[in-house]
Structures are given as C-alpha cells and as structure tokens.
Amino acid sequence: MKIKITKEIAQNLNCGLDSYFNPKTDEILSIPNFSLIADEEEFQAAFKADLQKVSKNKSDYIKVEVLEDFESFKIMERFVNQMPENQLKLDLEKALHNKKPFQNFKYSIETSDFRNLWFEFKQNELEKIVMDKLNL
C-alpha cells in the first residue's frame with residue numbers, strides 16, 4: 001500500500017499538484033500548487049471542499065509540495081551525471097549551464113533515445129523525496 005501511495009504522490013508532484021496525505025486513513029488529496037494558479041476565485045471554488053477539509057484537519061495531513069526549481073534542477077543534474085559518455089550527455093550538460101535550462105533540457109531529452117530512461121529516473125527520484133517526506 002505504501003508503494004502505491006508513494007507512486008501516486010510522486011506522479012502528482014510531476015503534474016504540479018501538491019498532495020496532502022493522511023497517514024491514519026491513507027487518504028490523498030491533490031490540489032494544484034497555488035503558485036501555478038492564475039484565477040484565485042476559480043481555484044478556491046474548484047477545490048473548496050478539499051481546501052476546507054485540509055484546513056479543518058491540518059494536523060492529520062502531511063503536505064508534500066511541488067518541487068522548487070532548484071530541486072528539479074538537481075534531479076536533472078543527477079540524471080546527466082549517471083549517463084554514459086555520449087553526445088546527448090554533452091548536449092544536456094550544455095543545456096543545464098545555459099539560459100533556459102529546463103526548456104533546453106526538455107527539448108534535448110524529448111528527441112532522444114533516453115526519453116523513457118529520463119522519465120523513469122525522474123519518477124524514482126520523486127518517489128525518494130516522497131518517502132523521505134512521509135518517513136516511509
């Protein structure tokens with residue numbers, strides 16, 4: 001059960017959702033990260049029930065927030081560091097050290113044979129972060 005919870009929360013993070021986990025009930029509430037929201041009124045209306053539930057029972061939930069940019073950047077760096085020496089590794093290293101590293105990394109990886117390996121690596125890294133946050 002804990003593996004399923006960890007995977008689900010990691011996938012939520014990857015989609016820009018903060019997760020609230022209740023360890024007593026194994027309930028997961030997923031709410032878009034507020035920093036990604038353009039219309040506050042619409043956000044409050046759409047997630048009113050979940051926001052109220054979390055607010056009223058704050059001590060029951062562990063919040064796992066969407067990663068900060070520097071945390072996501074570290075994951076990309078770790079991926080590049082474990083890659084075999086090849087042209088893509090050089091391209092990704094260059095992407096990480098130039099302007100718009102996220103955009104350029106994504107472009108390089110999307111058009112490569114390492115695309116699926118990147119997604120697996122990122123999911124595993126997110127799962128480690130979730131396990132650490134939830135003390136699993």
Side-chain angles (χ1 to χ4, degrees):
M1 186 62 149
K2 299 296 183 203
I3 293 171
K4 183 178 179 227
I5 289 165
T6 302
K7 284 187 178 305
E8 182 178 338
I9 293 173
Q11 288 169 345
N12 291 341
L13 294 178
N14 199 31
C15 294
L17 301 172
D18 290 335
S19 291
Y20 297 83
F21 174 65
N22 184 332
K24 296 174 189 169
T25 63
D26 286 342
E27 176 186 33
I28 300 169
L29 298 176
S30 300
I31 301 171
N33 185 278
F34 189 70
S35 66
L36 305 174
I37 302 302
D39 185 337
E40 185 176 345
E41 281 184 33
E42 190 177 308
F43 171 77
Q44 294 289 341
F47 296 96
K48 184 177 182 177
D50 286 345
L51 290 168
Q52 285 178 339
K53 191 173 192 176
V54 168
S55 180
K56 288 180 183 175
N57 305 294
K58 237 182 182 104
S59 63
D60 293 338
Y61 290 93
I62 300 169
K63 183 178 183 182
V64 183
E65 293 182 83
V66 170
L67 300 186
E68 298 282 336
D69 284 348
F70 78 91
E71 294 169 301
S72 295
F73 188 87
K74 292 272 185 213
I75 292 173
M76 294 185 312
E77 277 185 324
R78 284 194 295 273
F79 178 75
V80 172
N81 289 338
Q82 58 87 47
M83 286 181 67
E85 293 296 327
N86 61 26
Q87 186 58 47
L88 178 62
K89 181 174 184 167
L90 295 173
D91 292 346
L92 291 174
E93 286 172 340
K94 184 177 171 186
L96 292 177
H97 293 97
N98 287 329
K99 290 183 180 182
K100 300 184 179 181
F102 292 94
Q103 179 181 334
N104 292 325
F105 182 93
K106 182 181 179 194
Y107 175 78
S108 293
I109 206 74
E110 285 288 330
T111 58
S112 78
D113 293 337
F114 285 79
R115 183 178 183 275
N116 288 336
L117 290 174
W118 160 243
F119 289 124
E120 288 174 27
F121 182 87
K122 184 178 180 188
Q123 178 69 22
N124 287 334
E125 292 294 305
L126 291 172
E127 288 175 18
K128 289 177 195 173
I129 290 167
V130 170
M131 286 189 285
D132 185 51
K133 181 76 175 173
L134 300 181
N135 296 315
L136 297 177

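Given the structure is predicted, the values throughout are model-derived calculations rather than measurements.
Residue Asn98 places its CG atom among more than 12 non-hydrogen atoms of other residues, nucleotides or ligands, all under 6.0 Å distant. The number of heavy-atom neighbours closer than 6.0 Å to CD of Glu41, taken from other residues, nucleotides and ligands shown, is 12 or below. The 12-atom threshold is not exceeded at OH of Tyr107, counting heavy atoms of other residues, nucleotides or ligands nearer than 6.0 Å.
In this structure, Ile62 CD1 and Ser19 OG are separated by 11.5 Å, a value rounded to the nearest 0.5 Å. Atom CG of Leu13 is separated from atom NZ of Lys133 by 10.5 Å, given to the nearest 0.5 angstrom. Rounding to the nearest 0.5 Å gives a distance of 6.0 Å between CZ of Arg78 and CZ of Phe121. The CD1 atom of Ile5 sits 10.0 Å away from the CG atom of Asn22 when rounded to the nearest 0.5 Å. Rounding to the nearest 0.5 Å places CG of Asn57 at 9.0 Å from CD of Glu27. One finds the CD atom of Gln123 at 4.5 Å from the CD atom of Glu127 (value rounded to the nearest 0.5 Å).
Annotation: side chain of Phe21 is not in contact with side chain of Val64 (no heavy-atom distance under 4.5 Å). You'll find the side chain of Tyr20 stays beyond 4.5 Å of the side chain of Asp60, heavy atoms only. Residues Trp118 and Ile75 have side chains in contact (heavy-atom distance under 4.5 Å, counting atoms from C-beta outward). When side chains are defined from C-beta on, Asp18 does not count as touching Leu29, because their heavy atoms never get closer than 4.5 Å. Within the 4.5 Å cutoff, the side chain of Lys2 has heavy atoms near those of the Asp26 side chain. Taking 4.5 Å as the limit, some side-chain heavy atom of Leu134 sits within range of a side-chain heavy atom of Ile9. Between Glu68 and Phe73 the shortest side-chain heavy-atom distance does not fall below 4.5 Å.
Looking at every heavy atom in both residues, Ala95 comes nearest to Asn104 through CB-CB, 3.7 Å. Between Leu17 and Ser30, the shortest heavy-atom distance links the atoms CD1-CB, 4.0 Å. The two residues Asp69 and Phe102 make their nearest non-hydrogen contact at O-CZ, 3.3 Å.
When atom types are taken as modelled, the side chain of Ser55 and the backbone of Gln52 share no donor-acceptor pair closer than 3.5 angstrom.
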Steps toward side-chain contact (heavy atoms from CB on, under 4.5 Å) verdict (Lys63, Glu65): CA-CA 6 Å; Lys63 183 178 183 182; Glu65 293 182 83; 3.3 Å; yes
Test log, rule salt bridge (Lys or Arg N to Asp or Glu O under 4.0 Å), inputs Lys128 and Glu125: CA-CA 5 Å; Lys128 289 177 195 173; Glu125 292 294 305; 3.1 Å; yes
For residues 80-87, run the donor-acceptor check on the side chains, cut-off 3.5 Å, and write out each pair with its distance to 0.1 Å, sequence neighbours left out.
residue	atom	partner	partner atom	Å
Asn81	ND2	Glu77	O	3.3
Gln82	NE2	Phe79	O	2.9
Glu85	OE2	Lys89	NZ	3.2
Asn86	OD1	Leu88	N	3.1
Asn86	OD1	Lys89	N	2.7
Gln87	NE2	Asp91	OD1	3.0

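In summary, Glu120 and Lys122 do not engage in a salt bridge, as defined by a charged side-chain N under 4.0 Å from a carboxylate O.
Leu90 and Leu92 fall into different hydrophobic clusters, where Ile, Leu, Val, Met, Phe, Trp and Tyr residues are linked whenever their side-chain heavy atoms come under 4.5 Å apart, directly or through other members.
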